[in-house]
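Here the structure is laid out as structure tokens; the discussion comes afterwards.
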Number of protein chains: 2
Amino acid sequence: MEKVETGRTRKKRNTRQKAVVYQVVLDSNDHPTAEKVYERARRELPNISLGTVYRVLKELSQEGKIKEIIVNKQSHFEGRTDFHHHFICRACGKIEDVETPLCRYTCKKVEQKGYVVEDIEYKFYGLCSKCAQKLGKE
Amino acid sequence: MEKVETGRTRKKRNTRQKAVVYQVVLDSNDHPTAEKVYERARRELPNISLGTVYRVLKELSQEGKIKEIIVNKQSHFEGRTDFHHHFICRACGKIEDVETPLCRYTCKKVEQKGYVVEDIEYKFYGLCSKCAQKLGKE
DNA sequence: TATTAAATAATAACTGTTCCTTTTAAAAAA
DNA sequence: TTTTTTAAAAGGAACAGTTATTATTTAATA
């Protein structure tokens, strides 16, 4: 039997899994990977599956509620969604936020070529202060 | 029977495979992936293996003769090794070089925190001029 | 030319992620 | 409240890019 499509309110479920994953990212300030988020979410929801974590993380990113940053070909996530960038320590792997003004000069130059800039990503690689000290005063 | 280690010249073979892979990267201006380099290298050396291409590309990168850039968690390679950055079109996937002055302001700020900056990477995402036109004058 | 070990070809293994199928459960309807 | 509906979840298989393994080849040296 066909169902008449009313075109009205589409369902959009509000699941515990999504809420928990979101909260985990908001509560983390170490840019966790999906695996780490999974680990932490399981403390609250022991039966959550890794696939769900991946799907929800992607969803939240697309909704703009969290941000994905990719380091070493691996996704990391953070609750901060304002314009900022990252420093990655090659020794300990730590990812730290870096406040950088948008380089208007460069953007303008790119846009003059007819390009549309939608997102900008700066990454700084090197040694964090701790590792720099530890690895000797070169 | 033990061999006395003279500590003298270590062997370092100069293979056709390495020469060809290097030349392919130098001749390409489209930031090819390892697979693409493999494809092109095979025109010259039909029996070269993908594993060799990966190993040689890594070697050349470490020697500073080529540069690796990662887009969408996939490695791409280029012969240019001077300081420059990239624009990535989300529609056609094309990667284009972008000339950007080093942002001394930001670097200084990072270094004031005791960090050692060894490498900097800027990526601009959006639409290239062709795709921007094609996708309509929004 | 014979020797030797660095580099290769071929292929298996690995890793982070996505996809697929069945089941569950949130929300709408009865 | 109970039933129905179907979006989302669990579990696991599949996938893609890359790395590791091993027997073989070959460039460089003796």
Side-chain angles (χ1 to χ4, degrees), chain A residues 1-25 31-39 41-42 44-63 65-66 68-77 93 95, chain B residues 1-22 24-25 31-39 41-63 65-66 68-77 93 95:
Chain A
M1 223 103 314
E2 290 274 309
K3 220 44 201 288
V4 173
E5 182 47 73
T6 61
R8 207 108 22 76
T9 40
R10 297 242 146 264
K11 278 187 197 175
K12 176 82 179 183
R13 288 171 43 179
N14 219 329
T15 64
R16 209 144 142 43
Q17 284 86 343
K18 189 167 182 181
V20 168
V21 166
Y22 185 32
Q23 198 56 53
V24 164
V25 175
H31 308 83
T33 60
E35 192 76 42
K36 268 261 174 295
V37 172
Y38 173 55
E39 219 174 79
R42 270 205 298 189
E44 191 80 12
L45 236 51
N47 286 322
I48 195 172
S49 76
L50 183 56
T52 294
V53 171
Y54 271 104
R55 188 174 28 69
V56 169
L57 286 171
K58 181 179 290 180
E59 228 174 274
L60 291 168
S61 297
Q62 284 166 348
E63 291 168 11
K65 293 188 181 163
I66 66 174
E68 177 183 14
I69 87 164
I70 296 171
V71 175
N72 274 326
K73 300 185 180 174
Q74 184 168 24
S75 292
H76 294 245
F77 300 89
I95 301 170
Chain B
M1 222 104 313
E2 290 273 311
K3 220 47 200 293
V4 173
E5 183 46 73
T6 61
R8 207 107 23 76
T9 40
R10 297 242 145 264
K11 277 188 196 174
K12 176 83 180 183
R13 287 169 45 179
N14 219 330
T15 64
R16 209 144 142 43
Q17 284 86 343
K18 189 167 181 181
V20 167
V21 166
Y22 185 31
V24 164
V25 175
H31 307 84
T33 60
E35 193 76 40
K36 268 264 174 292
V37 172
Y38 173 53
E39 219 175 78
R42 269 206 298 190
R43 301 208 274 253
E44 191 80 14
L45 236 52
N47 287 321
I48 194 171
S49 77
L50 182 56
T52 295
V53 171
Y54 271 104
R55 188 175 28 70
V56 169
L57 286 171
K58 181 179 290 178
E59 229 175 274
L60 291 168
S61 297
Q62 284 166 349
E63 291 168 11
K65 292 187 180 164
I66 66 175
E68 177 182 12
I69 87 165
I70 297 172
V71 175
N72 274 326
K73 300 185 179 173
Q74 185 168 23
S75 292
H76 294 245
F77 300 88
I95 301 170

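Fair warning: this is a prediction, and the values are worked out from it, not measured in the lab. Quick note: numbers below take in every heavy atom, side chains included, and nothing from hydrogens, waters or symmetry partners. Every chain is numbered from 1 and lettered A, B, ... according to where its sequence line falls, protein lines coming before strand lines.
- Rounding to whole angstrom units, CD1 of residue I48(A) and P of dT24(C) are separated by 17 Å.
- Atom CD of E59(B) and atom P of dA6(C) are 13 Å apart (whole Å).
- Remark: C1' of dA7(C) and CG of L45(B) are 13 Å apart, rounded to the nearest angstrom.
- OP1 and OP2 of dT8(C) both lie 4.0 Å or more from every side-chain N or O belonging to K18(B).
- One atom, CG of L57(A), and another, C1' of dG16(C), lie 13 Å apart when rounded to the nearest Å.
- Protein atom CG of N47(B) is 12 Å distant from nucleotide atom P of dT11(C), rounded to whole Å.
- Taking 4.0 angstrom as the limit, Y54(B) places a side-chain polar atom (N or O) nearer than this to OP1 or OP2 of dT18(D).
- Atom CD1 in I70(B) sits about 20 Å away from atom P in dA16(D), given to the nearest Å.
- You'll find the side chain of S75(A) reaches within 4.5 Å of the side chain of K73(B), heavy atoms only.
- Both S75(B) and R13(A) lie close to DNA chain D; mapped to their nearest nucleotides by heavy-atom distance, the more 5′-ward contact belongs to R13(A).
- Remark: side-chain polar atoms of H76(B) are paired, donor with acceptor, to backbone N or O of H31(B) under 3.5 angstrom.
- Atom OH of Y38(A) and atom OG1 of T33(A) lie 12.5 Å apart (nearest 0.5 Å).
- Look at K73(B) and you won't find any side-chain N or O under 4.0 angstrom from OP1 or OP2 of dT15(C).
- Checked by atom type and distance alone, the side chain of T52(B) never pairs as donor or acceptor with a backbone atom of I48(B) at under 3.5 Å.
- Between L50(A) atom CG and dC19(C) atom C1' the separation is 13 Å, expressed in whole Å.
- Contact annotation: R55(B) side-chain N/O to dT8(C) OP1/OP2 distance is under 4.0 Å.
- The side chain of N14(A) has dA27(C) as its nearest neighbour among dA27(C), dT8(C), dG16(C).
- For dT8(C), neither phosphate oxygen OP1 nor OP2 lies less than 4.0 angstrom from any side-chain nitrogen or oxygen of S49(B).
- For G51(B) and Q17(B), each mapped to the nucleotide of DNA chain C holding its nearest heavy atom, the one lying further toward the 5' end belongs to Q17(B).
- The side chain of T52(B) lies closest to dA9(C) when the candidates are dT18(D), dT19(D), dA9(C).
- Ion pairing of K18(B) with E63(B) is present here, as a side-chain N (NZ or NE/NH1/NH2) and a carboxylate O approach within less than 4.0 Å.
- Using a 4.0 Å cut-off, some side-chain N or O of T15(B) falls inside it from OP1 or OP2 of dT8(C).
- E39(A) places its CD atom 13 Å from the P atom of dG16(C), with the value rounded to the nearest Å.
- Residue K12(B) has no polar side-chain atom (N or O) positioned under 4.0 Å from OP1 or OP2 of dA28(D).
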